[in-house]
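Have a look at the structure below before the remarks.
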Amino acid sequence: MISAQPVVWWNGLLEAVWHVDEKSLCILDANAAAARLLGLSVSEMRGLSVLRLAATPQEQAFWSEPAEVLERGVHAHSRLLRADGTLVSVERQVTRVQQPNGQTVLLLV
């Protein structure tokens, strides 16, 4: 698993943002808005499988796709599972992005 580059400014964003490892599908990092949205701390999210958030058949199907499908990204309406067991409706976008070090991650917004 690669490690995401530290991003200081993204904690000021209103949108929830995660860096997801392309191979393991584990969360590398998240911002403060993601922590508020899910009711988890950023440190609790690090290393967590993104499948833990995938509460709908649509989400499970997307994250089960081969790497080349995930790399193409997606923009959809869906629901995520919060720490308290409730579902929250979201507009979700997944995009493959290149880090300054040349490695790539999936950016989940």
Looking at side-chain heavy atoms only, is the closest gap between L70 and V94 below 4.5 Å?
no
Would you give the length of the straight line joining atom CD1 of I27 to atom CG of L48, rounded to the nearest 0.5 angstrom?
5.0 Å
Can D84 and R82 be counted as an ion pair, charged N to O under 4.0 angstrom?
yes
Side-chain donor-acceptor pair under 3.5 Å between Q99 and N101, yes or no?
no
Within the distance-only criterion (no hydrogens, no angle test), does the side chain of E65 pair as donor or acceptor with the backbone N or O of V69 below 3.5 angstrom?
no
Between G47 and C26, the two heavy atoms sitting closest are O-SG, 3.5 Å
In Å and rounded to the nearest 0.5 Å, what is the CG to CG distance from L25 to L53?
11.0 Å
Within the 4.5 Å heavy-atom criterion, are V42 and N31 side-chain neighbours or not?
no
Derivation of the side-chain contact (heavy atoms from CB on, under 4.5 Å) call for Q98 and Q103
CA-CA 6 Å; Q98 188 167 11; Q103 295 177 316; over 6 Å; no
Could you tabulate the donor-acceptor pairs under 3.5 Å formed by side-chain atoms of residues 71-78, not counting sequence neighbours?
from, atom 1, to, atom 2, distance (Å)
H75, NE2, E91, OE2, 2.6
S78, OG, E59, OE2, 2.9

Decide yes or no on side-chain contact (heavy atoms from CB on, under 4.5 Å) for Q58 and R92, but give the supporting numbers first.
CA-CA 12 Å; Q58 171 190 355; R92 177 203 19 97; 4.1 Å; yes
Could you tell me the separation between the CG atom of L37 and the CE atom of M45, rounded to the nearest 0.5 Å?
8.5 Å
Any side-chain heavy atom of W18 sitting closer than 4.5 Å to one from V50?
no
Minimal non-hydrogen separation, A83 against L40, with atom names
CB-CD2, 3.6 Å
Are L51 and L81 linked, directly or through other ILVMFWY residues, by side chains that come within less than 4.5 angstrom of each other?
no
Say you draw a straight line from CG of L106 to NZ of K23; how long is it, rounded to the nearest 0.5 Å?
10.5 Å
R46: which residues meet the salt bridge (charged side-chain N to carboxylate O under 4.0 Å, His left out) condition with it, sequence neighbours left out?
D29
R79 side, atom CZ; T56 side, atom OG1 - distance, nearest 0.5 Å
8.5 Å
Student check: side-chain heavy atoms of V20 and V105 closer than 4.5 Å
no
The reported gap from OG in S89 to CG in L80 (rounded to nearest 0.5 angstrom) is 9.0 Å
